[in-house]
There are 2 protein chains.
Amino acid sequence: MTDPLAHQPGYALRRAANAMMGELATRLAPLSLRVSEASILTLVEQCKDVSSSEIGRMLDIKRANMAPLLARLEVAGLIRRQPIDRKSQAIVLTPAGEDRLAAVQRVINQFERELLARVPEAHREHLLPALNALWP
Amino acid sequence: MTDPLAHQPGYALRRAANAMMGELATRLAPLSLRVSEASILTLVEQCKDVSSSEIGRMLDIKRANMAPLLARLEVAGLIRRQPIDRKSQAIVLTPAGEDRLAAVQRVINQFERELLARVPEAHREHLLPALNALWP
DNA sequence: CCATTATTGCTATGTATGATAGCATAATGT
DNA sequence: ACATTATGCTATCATACATAGCAATAATGG
């Protein structure tokens with residue numbers, strides 16, 4: 001039976017996102033990174049001297065949840081903390097972190113390519129702007 | 001700072017789905033239903049005499065996770081179980097379940113309308129087919 | 001017909017994610 | 001200077017989703 005909920009954009013959005021996240025998680029697993037950790041690495045490279053709080057605000061991760069994520073990345077030797085003032089710290093990539101990020105980017109670029117390839121050509125260019133209209 | 005990951009369809013998909021799910025959960029909360037429970041009610045009405053396993057397969061919810069979901073709906077008096085054979089049971093809506101579902105449908109219809117309204121007109125009709133190409 | 005296999009519904013359990021509350025410290029602004 | 005806000009963190013809880021295993025039943029194929 002064909003899914004009777006598939007005509008609802010909200011439901012389709014949920015199913016598409018779940019399928020996508022599962023697949024991406026599988027592909028990042030060999031790098032010992034979860035999706036959120038990979039996005040942190042990506043962000044940290046692009047934004048010089050971001051603090052934990054700033055990362056959280058940009059990725060919509062609560063401060064309380066940033067702590068264990070960064071701890072994991074630090075233990076793995078991928079990031080280190082650099083004091084900004086006596087309270088804040090900049091998160092920066094270690095050399096190992098940069099290497100890992102390069103691998104992440106290969107995985108993600110390939111993944112995004114395949115993702116778009118699955119969308120019929122007529123709709124392809126509309127996907128990103130449509131999605132970006134749906135979050136604040 | 002604008003989010004430097006927003007150009008990736010996969011990331012935009014995740015953020016859009018998260019924002020959407022949060023909003024929908026908020027709107028369903030007054031009905032004492034979670035999103036997954038609301039979708040079960042919807043499905044049960046449209047498919048006569050579906051079993052727990054069939055619901056799970058259609059909504060991509062594991063059998064093990066269906067059990068507590070259905071238990072909650074049953075305790076709330078919204079569904080009841082009707083024997084099919086000595087092993088399987090059909091899940092059917094009670095009268096209270098039908099009433100609750102009507103309320104759910106009002107919430108969801110309004111929600112889906114607003115969701116689509118946020119998408120610029122040029123992209124609107126492409127969203128659903130693009131999303132439905134992304135899950136199996 | 002009977003033995004094997006598959007399916008159903010369920011419990012128990014683990015893990016990832018997201019949220020809240022609270023806390024000590026430090027920075028900010030009026 | 002003092003009240004307010006921000007930071008980084010711990011502890012804790014709820015939800016979602018996954019696996020393993022189990023007892024009963026159904027379905028299948030030699």
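Sequence lines set the chain letters: A, B, ... in the order given, protein chains first and strands last, and positions in each chain run from 1.
To the nearest 0.5 Å, atom CE of residue Met66(B) and atom CZ of residue Arg57(B) are 11.0 Å apart.
Contact footprint of chain A on DNA chain C: nucleotides with an atom under 4.0 Å from a non-hydrogen protein atom, first to last in 5' to 3' order, dT17(C) to dA27(C).
When all heavy atoms of Leu128(A) and Ala12(B) are compared, the pair lying nearest together is CD1-CB, 3.7 Å. Of all heavy-atom pairs spanning Leu5(B) and Tyr11(B), the tightest one is O-CD2, 3.3 Å. Across Ile91(A) and Ser52(A), no two heavy atoms sit closer than the pair CG1-N, 4.0 Å. Heavy-atom minimum distance, Asn132(B) versus Ala6(A): ND2-O, 3.0 Å. Considering every non-hydrogen atom in both Ala64(A) and Pro68(A), the closest pair reads O-CD, 3.3 Å. Contact between Gly10(A) and Glu112(B) at its shortest, heavy atoms only, is N-OE1, 2.8 Å.
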>> Across nucleotides 23-28 of chain D, 5' to 3', mark each nucleotide with B, S or - according to how protein heavy atoms within less than 4.0 Å reach it.
In response: -BBS--
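Contact annotation: Ser53(A) side-chain N/O to dG8(D) OP1/OP2 distance is under 4.0 Å. In this structure, Arg81(A) does not reach the dT7(D) phosphate: none of its side-chain N or O atoms is under 4.0 Å from OP1 or OP2.
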Taking distance alone, no hydrogens or angles, what donor-acceptor pairs closer than 3.5 Å link side-chain atoms of residues 69-81 of chain B to residues at least two apart or in another chain?
{"unit_1": "Arg72(B)", "atom_1": "NE", "unit_2": "Glu37(B)", "atom_2": "OE2", "d": "2.5"}
{"unit_1": "Arg72(B)", "atom_1": "NH2", "unit_2": "Glu37(B)", "atom_2": "OE1", "d": "3.2"}
{"unit_1": "Arg72(B)", "atom_1": "NH2", "unit_2": "Glu37(B)", "atom_2": "OE2", "d": "3.4"}
{"unit_1": "Glu74(B)", "atom_1": "OE1", "unit_2": "Arg81(B)", "atom_2": "NE", "d": "2.9"}
{"unit_1": "Glu74(B)", "atom_1": "OE1", "unit_2": "Arg81(B)", "atom_2": "NH2", "d": "3.2"}
{"unit_1": "Glu74(B)", "atom_1": "OE2", "unit_2": "Arg81(B)", "atom_2": "NE", "d": "3.3"}

Considering only nitrogen or oxygen atoms on both sides, find all protein atoms under 3.5 Å from nucleotides 15-17 of chain D and state each distance.
{"unit_1": "dA16(D)", "atom_1": "OP2", "unit_2": "Arg34(B)", "atom_2": "NH1", "d": "3.3"}
{"unit_1": "dC17(D)", "atom_1": "OP1", "unit_2": "Asn18(A)", "atom_2": "ND2", "d": "3.4"}

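Listed by first and then second residue, the salt bridge (Lys or Arg N to Asp or Glu O under 4.0 Å) pairs that reach into residues 38-51 of chain A come to none, sequence neighbours excluded. Within the structure, the side-chain hydrogen bond (donor to acceptor under 3.5 Å, both in side chains) test picks out the following pairs touching residues 113-123 of chain A (sequence neighbours left out): Arg27(A)-Glu114(A), Gln110(A)-Arg113(A), Gln110(A)-Glu114(A), His123(A)-His126(B).
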